[in-house]
Amino acid sequence: MEKIDLRSDTVTLPTPAMRAAMTSAALGDDVYGEDPTVNRLQEMAAAMLGKEAGLFVASGTMGNLVAILAHCQRGDEAMLGHLAHTFLYEAGGISALGGVHSRQIPNQPDGTLALQAILDGIRPDDDHQPITRLVSLENTHNRCGGVALSVEYTRAVGDLAHAHGLVLHLDGARIFNAAVAQGVSARDLAEPADSVTFCLSKGLCAPVGSVLCGSRVFIKQAHRIRKQLGGGMRQAGVLAAAGIVALEQNIDRLAEDHARARCLAQGLARIPGILLDANSPHTNMVFLSLSQEIPYQAEQVAEMLAERGVLVGVVGARRFRLVTHYWIDDRAVEQAIQAFADVLQTAGMSHSLAA
Ligand SMILES: *Cc1c(COP(=O)(O)O)cnc(C)c1O
């Protein structure tokens with residue numbers, strides 16, 4: 001049985017064009033700066049994000065870690081949303097490995113941090129307190145439903161941060177989803193940020209890697225920290241080759257993932273027992289919950305869906321996240337909707353897919 005894997009866009013396998021590019025990539029030792037394919041990817045990424053330089057890293061987690069360690073000294077404070085990926089899902093690396101103190105600012109439902117809350121979070125010059133050094137934003141915002149932050153908002157945070165001597169880091173793991181969804185360039189979304197990371201291995205389909213971009217001076221520092229963390233890779237061009245294909249071929253098509261997420265949401269919304277989040281989806285993530293009448297927990301429903309070949313993300317006792325991507329076509333969307341309808345009917349619900 002062909003699996004329909006909606007757990008994440010990280011499950012995407014490389015495309016045939018990527019596998020071909022990986023086979024024929026020109027290679028060298030990237031720790032010496034001599035891998036032409038890595039160099040090309042870094043230059044492409046930096047140009048697309050409007051920054052001077054780029055650094056290929058093993059993961060989005062490593063990109064955020066390297067960036068925050070490059071910007072902050074031990075004991076400095078970094079402001080993160082309380083639902084930020086860096087706060088929740090990066091194993092506390094900035095604190096464990098960099099001695100960076102994190103300060104949580106409430107994420108609003110639209111993924112933003114209120115400007116006043118950022119302002120209020122900036123520490124006064126006082127020997128008792130850590131030094132506030134950095135603000136980090138996330139676009140699209142994963143835990144807030146894949147919602148995209150606007151150019152205007154990002155600019156406002158950049159202006160505020162810079163006016164107070166802080167740096168702005170942007171966790172743009174899915175920045176191209178944010179750009180495509182809003183009809184703006186990733187360059188404009190990244191412009192206010194001093195550093196930005198994005199993932200090649202999510203909706204863009206590459207097997208491994210992220211790129212961190214920023215000024216030449218910043219990237220030189222980041223390069224040393226990547227080495228400290230054990231992230232200096234040798235003939236990494238085999239991976240970067242897939243990343244180049246990702247940037248050349250797989251950005252515009254993210255609009256298809258967003259359209260399929262909307263179809264998926266519309267189909268699921270018609271099934272009794274399913275409650276879609278308001279405004280979901282914003283991009284390629286559909287968030288939904290089970291209504292009270294359903295006698296199962298999300299884990300149990302996920303198991304029954306898996307028996308029907310449909311894999312979904314469980315993100316709460318009665319809550320799911322479904323992510324569309326390159327390998328989810330129209331038929332997979334229909335099958336996923338049907339599987340939910342079948343499973344919830346098994347739960348004793350009457351169901352009708354009629355519009
Ligand atoms: C996926 C993700 C990352 C990094 O994830 P890796 O699995 O380490 O590549 C960082 N931030 C956000 C918002 C993400 O969704």
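Read the numbers this way: they start at 1 and go in the same order the structure lists the ligands and their atoms.
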inquiry  = Enumerate the ring pair (Phe, Tyr, Trp, His ring centres under 6.0 Å) contacts for residues 14-46, please, sequence neighbours excluded, ordered by first and then second residue.
reply    = none
message = Looking at non-hydrogen atoms alone, which of Ala58, Gly60, Gly63, Gly209 comes nearest to atom 9 (O) of ligand 1?
response = Gly60
task = If you have a sec, work out which protein heavy atom is nearest atom 11 (N) of ligand 1 and how many Å separate them, to one decimal?
result = Asp171 OD2, 2.6 Å
query = For ligand 1, is there an atom lying under 4.0 Å from some heavy atom of Arg174?
reply = yes
task = Work out which heavy atom in Asn107 is nearest to a heavy atom in His82; give both atom names and the distance.
result = N-ND1, 2.9 Å
ask   = What part of Thr10, side chain from CB on, backbone N/CA/C/O, both or neither, has a heavy atom under 4.0 Å from ligand 1?
value = neither
task = Side-chain contact test, heavy atoms from C-beta onward, threshold under 4.5 Å: evaluate it for Val343 versus Arg308 and give yes or no.
result = yes
ask   = Should the pair Glu191-Arg187 be classified as a salt bridge under the 4.0 Å nitrogen-to-oxygen rule?
value = no
task = State the atoms of ligand 1, each with its element, that fall below the 4.0 Å cut-off from a heavy-atom position in Asn64.
result = 10 (C)
query = What's the shortest distance from atom 8 (O) of ligand 1 to any protein heavy atom, and which residue and atom give it?
reply = Thr61 OG1, 2.6 Å
key: Donor-acceptor under 3.5 Å (His325 side chain, Asp5 main chain)   = yes
ask   = So which of Lys202, Glu138, Met62 gets nearest to atom 13 (C) of ligand 1, if we judge by its closest heavy atom?
value = Glu138
ask   = Is it true that Arg253 and Asp257 make a salt bridge, defined as a side-chain N closer than 4.0 Å to a carboxylate O?
value = yes
query = Near Ser59, which atoms of ligand 1 are under 4.0 Å from a heavy atom of that residue?
reply = 8 (O), 9 (O)
query = Quick one: does Asn142 get an N or O within less than 3.5 Å of an N or O on ligand 1?
reply = yes
ask   = Can you tell me if Glu90 has a non-hydrogen atom under 4.0 Å from ligand 1?
value = yes
Using residues 206-219 as the side-chain source, report each donor-acceptor pair under 3.5 Å to any protein atom, sequence neighbours left out, with the distance given to one decimal.
from, atom 1, to, atom 2, distance (Å)
Ser210, OG, Gly60, N, 3.0
Ser210, OG, Phe198, O, 3.4
Ser215, OG, Phe218, N, 3.0

